[in-house]
Number of protein chains: 4
Amino acid sequence: MIKAGIIGVNGYAGGELLRLLAGHPQVEIVAAASRSQAGRRLAEIFPSLRGVAIGNLAVVSPEGPAFSGCEVLFLCTPHGVAAKLAPEFLRQGGKVIDLGADFRFRRVDLYEKWYKVAHAAPSLLAEAVYGLPELHREEIKKARVVGNPGCYPTAALLGMAPLLKAGLVKEGPVIVDAKSGVSGAGRSLRADLHYAEMDGDFRAYGLVGHRHTPEIEEEASRVAGREVRVIFTPHLFPVSRGLYATIYLPAVRTLSDAELFEIYQDFYAGEPFVVPLPEPFLPQTKGVLFTNRCQVAARFDPRTGKIIVLSALDNMVKGAAGQAVQNMNILYGLDETLGLAAPGIWP
Amino acid sequence: MIKAGIIGVNGYAGGELLRLLAGHPQVEIVAAASRSQAGRRLAEIFPSLRGVAIGNLAVVSPEGPAFSGCEVLFLCTPHGVAAKLAPEFLRQGGKVIDLGADFRFRRVDLYEKWYKVAHAAPSLLAEAVYGLPELHREEIKKARVVGNPGCYPTAALLGMAPLLKAGLVKEGPVIVDAKSGVSGAGRSLRADLHYAEMDGDFRAYGLVGHRHTPEIEEEASRVAGREVRVIFTPHLFPVSRGLYATIYLPAVRTLSDAELFEIYQDFYAGEPFVVPLPEPFLPQTKGVLFTNRCQVAARFDPRTGKIIVLSALDNMVKGAAGQAVQNMNILYGLDETLGLAAPGIWP
Amino acid sequence: MIKAGIIGVNGYAGGELLRLLAGHPQVEIVAAASRSQAGRRLAEIFPSLRGVAIGNLAVVSPEGPAFSGCEVLFLCTPHGVAAKLAPEFLRQGGKVIDLGADFRFRRVDLYEKWYKVAHAAPSLLAEAVYGLPELHREEIKKARVVGNPGCYPTAALLGMAPLLKAGLVKEGPVIVDAKSGVSGAGRSLRADLHYAEMDGDFRAYGLVGHRHTPEIEEEASRVAGREVRVIFTPHLFPVSRGLYATIYLPAVRTLSDAELFEIYQDFYAGEPFVVPLPEPFLPQTKGVLFTNRCQVAARFDPRTGKIIVLSALDNMVKGAAGQAVQNMNILYGLDETLGLAAPGIWP
Amino acid sequence: MIKAGIIGVNGYAGGELLRLLAGHPQVEIVAAASRSQAGRRLAEIFPSLRGVAIGNLAVVSPEGPAFSGCEVLFLCTPHGVAAKLAPEFLRQGGKVIDLGADFRFRRVDLYEKWYKVAHAAPSLLAEAVYGLPELHREEIKKARVVGNPGCYPTAALLGMAPLLKAGLVKEGPVIVDAKSGVSGAGRSLRADLHYAEMDGDFRAYGLVGHRHTPEIEEEASRVAGREVRVIFTPHLFPVSRGLYATIYLPAVRTLSDAELFEIYQDFYAGEPFVVPLPEPFLPQTKGVLFTNRCQVAARFDPRTGKIIVLSALDNMVKGAAGQAVQNMNILYGLDETLGLAAPGIWP
């Protein structure tokens with residue numbers, strides 16, 4: 001059994017880790033920390049853990065000794081915090097999976113420019129691996145620190161990687177029009193996320209300057225082997241969970257939809273969590289809710305020479321905690337689907 | 001034009017008053033106050049008022065001179081506040097419609113017991129009229145102070161009044177099982193009303209001790225001419241608006257559903273806002289959203305001798321601001337449906 | 001591995017069985033039938049099964065030979081059908097779990113009166129066991145035919161059983177005011193369940209005559225050892241899943257809330273799926289979604305002498321397919337929580 | 001009073017017309033037709049009309065004599081039907097507002113190519129005016145036949161017109177990524193729009209070939225004075241109403257956000273229903289629900305040289321029935337806001 005700890009357990013990503021790790025046959029959760037909730041039992045914080053064994057675990061403070069017994073540490077902390085906590089834990093021989101932004105970038109300057117803080121462990125950043133298994137599985141196997149991707153970048157990159165890799169995307173900006181359920185905005189109270197205000201609403205936010213933009217660009221450029229420029233527009237729609245990206249890419253040549261499907265099938269052959277959909281199916285968030293799967297499909301528009309890619313995932317699972325568990329499975333040489341194989345829900 | 005002022009405009013009831021009064025042909029909103037929002041324009045606080053004339057009005061402080069020019073004052077303030085603000089305004093010759101609890105009770109002791117504050121204007125309480133027009137229209141016409149009923153009591157009382165009045169209800173507790181949309185809980189941030197927490201949920205709250213219990217009991221007893229005891233259980237369901245009461249009353253005798261319908265039709269003959277539904281229709285909240293209407297229906301259960309009454313309304317309209325406007329229309333001798341006649345919405 | 005078959009797989013209960021059985025370590029789904037969908041793969045019918053192994057299974061016709069290899073047969077068919085299909089399968093030595101109404105009653109006349117069809121296998125009805133494990137575990141162990149309870153009766157009976165058993169409920173009707181998510185109404189298209197019509201709505205239906213009434217009464221009477229009369233009022237609220245019952249029972253004596261909690265804790269001691277909640281928590285549907293758990297709580301109202309019980313479950317899991325799997329686990333001597341132990345979801 | 005008739009009243013656009021026309025001070029609804037509902041009263045079809053005067057109107061057959069007394073006819077019929085019904089009504093001296101597609105195109109060949117039917121009244125098509133008042137007010141004043149725009153084209157065109165008109169858009173495809181509430185798909189039953197299937201879902205549909213594409217292109221080209229090519233991707237999100245378009249346009253030059261705001265303000269100066277939002281506000285569907293308003297905002301992305309435009313409206317109002325009433329007001333020389341001035345709703 002792998003001994004796991006979670007810091008920042010009170011947020012939604014922390015809670016989702018609890019859900020997934022509690023059902024994982026090779027993991028024991030030995031400590032869960034939250035500064036604001038220390039002393040309470042998990043079942044007090046999460047109504048869904050009432051009557052569940054893990055719900056009896058008492059939340060500790062992040063500074064406590066509880067984490068010294070952990071082999072793997074999941075960090076669900078605001079950016080800037082993980083970079084401070086990780087080095088000490090690594091010194092004790094553990095491995096770190098950070099669900100925040102601190103270890104997602106290769107370039108320190110990019111991180112510091114977009115997040116507006118100095119990075120507390122720049123040398124670790126150089127060592128860290130970007131935890132998108134479909135692109136970096138081999139590096140993850142050998143990593144000590146995994147920067148778990150953002151929810152939007154996961155959907156965007158899984159959607160565009162096959163095309164970028166195959167050299168099918170022409171120069172020119174790629175547009176990622178993305179829509180997220182409200183859990184993506186976190187558990188902190190906000191007037192515009194009060195139930196009665198968000199119910200029935202649809203809205204864009206963070207135009208032009210959202211921090212997931214450079215994350216998408218850095219990885220997309222790496223896959224393409226050239227600089228890729230991205231316009232990223234996030235929106236909120238009124239559900240708890242689910243994330244949808246509609247991606248517009250200029251094609252270097254005419255493609256048929258059948259050819260596109262084949263490209264995705266080949267690229268994701270053997271991948272347990274990326275599901276290219278054949279005609280006439282299109283991705284839909286409800287089809288992947290509570291799973292670690294990402295549904296993708298691509299269509300060519302002969303009138304404009306653009307490829308339109310659709311990518312759907314659960315922002316809390318493949319977009320956060322599920323991907324973190326997948327990364328843990330890889331780090332420890334386990335079957336990658338352990339704890340993540342459950343079918344989706346319907347309805 | 002009646003010059004109207006609103007104090008506590010930032011909350012949902014205040015906002016709904018804006019919506020209704022802005023469309024009222026005989027009203028001019030001359031001042032709107034909110035301590036926390038003073039200085040901002042209404043359109044900054046309510047996205048629905050962007051591009052609407054009233055949205056340009058600047059919010060003032062409740063203490064300002066703006067209200068001296070008002071003829072009627074709508075108070076959307078926490079309990080305890082209205083009782084302090086009302087006397088001064090009445091001295092200036094105005095009329096007061098309080099959407100809070102301060103003027104809903106006849107008995108000061110009942111108010112003080114359930115709200116746990118001393119009443120600041122007990123003599124006014126004696127003078128105030130309970131603003132349920134279907135029961136107290138004649139008194140409202142002559143009132144200076146109207147205590148606008150709570151949302152739950154409105155649904156409950158409109159549902160049970162015809163039976164109580166007709167002497168068809170046997171001794172024994174009446175059960176009011178009520179379900180409300182989330183706006184009823186107000187605009188203040190609360191962890192359990194954060195969008196992602198409330199989405200998909202259904203829950204009871206305030207069991208056994210909700211403050212609307214004595215309000216329902218006092219009025220029900222008055223209608224019945226004897227003491228009526230009520231068990232009131234409120235619940236939240238995941239929508240912004242809508243309120244549903246399912247009421248169980250012990251019957252003095254066997255009744256047919258047709259007879260029940262006739263009793264409701266007779267009782268509410270000429271009432272513009274209470275809609276008894278004939279077979280096979282049953283009340284549904286969506287049928288009354290954004291209107292001042294209350295749909296009601298009753299069925300007799302021969303197996304148990306109980307009458308089951310269903311009552312549906314929009315908690316923001318007939319349950320708050322719409323009823324307040326109806327009361328204002330009565331106070332000023334206007335057609336009672338002025339500003340309130342719009343059909344409902346579908347879908 | 002237990003070889004399982006499902007007839008009526010296209011409906012929501014059938015789909016939920018797929019979800020749960022696909023994740024069950026001791027079950028192999030060998031055949032899934034649906035008359036209308038025969039020939040299609042499961043992934044075509046359920047978007048959530050795209051990219052999931054079980055999704056490749058081709059749906060067969062209920063008459064096909066596929067079921068001869070099954071040990072246990074789950075029937076998700078309209079009432080009347082299971083009573084016809086079960087006898088033949090039992091002759092082959094299999095066991096039957098019927099998620100419909102055909103084997104829920106002890107009294108044939110009650111079934112025939114409320115369902116208005118002649119029962120096709122009345123002798124089997126006598127043999128069948130009502131599959132509420134918390135009340136009938138020992139009988140289920142030895143059964144060949146299990147009548148899986150309805151969703152409403154499960155919530156109602158788990159809520160009231162401890163009180164009835166303890167003799168704490170006085171003569172007089174028990175009121176079950178219940179609220180269900182829309183999946184409970186099934187997958188067949190209906191104008192009033194079209195998305196745009198149901199969105200934002202709350203409504204009662206099936207007043208006075210819903211078929212779950214006699215099911216609740218028959219079992220409640222058995223637990224109480226005397227006839228219990230029930231008024232049952234179902235409602236729909238706008239979510240896919242979740243079921244809430246608010247139950248009003250006349251108490252034989254004054255009780256404290258602490259005493260009530262103890263009664264529930266004792267009654268459900270060792271039960272893995274019924275979760276009595278201590279103060280200050282109250283049941284909420286979102287806390288049990290996608291789980292086989294039922295949250296319960298009870299409060300005494302000293303003003304009226306009634307006990308108010310709240311009971312929340314997922315109508316598709318503890319209210320249907322999850323309970324069926326629990327029954328299967330019991331039938332085969334497995335750990336009762338196999339395949340059902342996952343924590344709930346949040347948010 | 002203008003005597004108005006509606007054909008196709010059973011659908012959502014028809015119902016919305018009822019709502020708006022019933023509240024219009026200068027209109028009398030004299031006849032409402034629906035082939036499938038003839039003989040029923042409107043209140044039987046629309047729960048929101050129970051207890052409302054117009055709800056008593058009996059639905060007639062479209063062929064009946066009722067429409068001979070109408071001055072203006074609103075057609076909410078499937079494409080192909082309006083072109084057959086309009087000529088006869090015009091001969092009687094009436095005016096026609098078609099909410100379907102039959103009179104939206106200038107080019108018959110474009111209509112016939114995308115809608116795959118021969119146009120039954122091509123000469124009328126030449127005469128008909130595209131009913132987007134912000135672009136064609138003067139022509140509408142003199143029209144006999146108005147082709148009321150589609151919901152998506154309205155949002156898209158109001159969003160992009162100021163930029164196209166000002167010559168600020170470079171050659172190259174314009175991308176319209178649009179999201180609609182479910183009412184846009186109509187009232188006909190569909191498995192994928194069953195409540196439990198759509199609840200919680202987000203999905204794209206109609207990729208590359210949606211029929212609103214040529215409608216947007218034809219009008220956009222007219223405004224721009226050159227051919228504009230559009231990629232249009234519609235999606236559904238789980239609400240009844242609301243429509244959001246996110247539009248990406250290549251700019252001819254660098255622009256500031258302030259400059260963009262000014263361009264929109266100038267273009268829409270005096271327009272009662274288009275609301276350009278200043279920083280820091282962004283359009284949101286809930287801000288325009290149940291109103292005829294369209295909120296718009298534009299931002300420049302200096303990293304890619306694209307302008308991102310956001311446009312939000314209620315697909316049933318400005319996207320259908322509200323715009324039709326606006327067109328009627330123009331046709332009859334009335335104040336354009338008559339019956340359409342109500343503030344939005346919150347929450």
Side-chain angles (χ1 to χ4, degrees), chain B residues 12 15-16 18-23 25 42-55 181-183 187 199-200 239-241 268 271-278 280-291 293-296 312 314 316-317 339 341-347, chain D residues 12 15-16 18-23 25 42-55 181-183 187 199-200 239-241 268 271-278 280-291 293-296 312 314 316-317 339 341-347:
Chain B
Y12 291 142
E16 190 70 355
L18 287 176
R19 176 174 85 86
L20 295 171
L21 294 177
L42 288 170
E44 296 179 66
I45 310 175
F46 293 103
S48 53
L49 297 183
R50 292 170 191 158
V52 184
I54 190 71
V182 182
S183 60
R187 205 172 186 180
D199 176 57
V239 300
S240 299
R241 290 172 178 241
Y268 290 120
E271 285 296 345
F273 296 122
V274 184
V275 185
L277 294 183
F281 302 112
L282 291 177
Q284 56 187 121
T285 58
K286 191 166 175 130
V288 293
L289 287 186
F290 305 107
T291 81
R293 291 180 195 93
C294 177
Q295 295 183 345
V296 291
D314 183 322
M316 286 292 118
V317 194
I345 57 93
W346 202 265
Chain D
Y12 291 142
E16 190 70 355
L18 287 175
R19 178 175 83 88
L20 296 171
L21 294 177
L42 288 170
E44 295 179 65
I45 310 175
F46 293 103
S48 53
L49 298 183
R50 292 169 191 158
V52 184
I54 189 71
V182 181
S183 59
R187 206 172 186 182
D199 176 56
V239 300
S240 299
R241 292 171 177 240
Y268 290 120
E271 285 296 344
F273 296 122
V274 185
V275 185
L277 294 182
F281 301 114
L282 291 177
Q284 56 187 121
T285 58
K286 190 165 175 132
V288 293
L289 287 184
F290 305 106
T291 80
R293 292 180 195 93
C294 176
Q295 294 185 346
V296 291
D314 184 323
M316 285 292 118
V317 193
I345 57 92
W346 203 265

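Naming convention: chains lettered A, B, ... in sequence-line order (proteins, then strands); numbering from 1 in each chain. Given the structure is predicted, the values throughout are model-derived calculations rather than measurements. The figures that follow rest on heavy atoms only: side chains count, while hydrogens, waters and symmetry mates do not.
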Choice from B:I345, B:D199, B:V275 maximising heavy atom contacts with chain D below 4.5 Å | B:I345
May I ask you to name which of B:V52, B:L289, B:V274, B:L20 has the most heavy-atom pairs under 4.5 Å with chain D?
-> B:V52
Of the listed residues (B:E16, B:M316, B:Q295, B:R293), which shares the most heavy-atom pairs with chain D below a 4.5 Å separation?
-> B:R293
Specify the closest pair of heavy atoms between B:F46 and B:G15, including all atoms of both residues, with the distance to one decimal.
-> CZ-CA, 3.4 Å
Contact part of D:R241 toward chain B, heavy-atom cut-off under 4.5 Å: side chain, backbone, both or neither?
-> side chain
Give, as side chain, backbone, both or neither, the part of B:R19 having an atom under 4.5 angstrom from any heavy atom of chain D.
-> both
Shortest non-hydrogen contact between B:L49 and B:L42, atoms and distance = CD1-CB, 4.1 Å
Closest-packed option against chain B by number of heavy-atom pairs under 4.5 Å, given D:G181, D:G287, D:P47, D:G344 = D:P47
Within the distance-only criterion (no hydrogens, no angle test), does the side chain of B:D314 pair as donor or acceptor with the backbone N or O of B:T291 below 3.5 angstrom?
-> no
Partners meeting ring pair (Phe, Tyr, Trp, His ring centres under 6.0 Å) with D:F273 (sequence neighbours left out) | none
Distance-minimising heavy-atom pair for B:S183 and B:S240 = OG-O, 2.6 Å
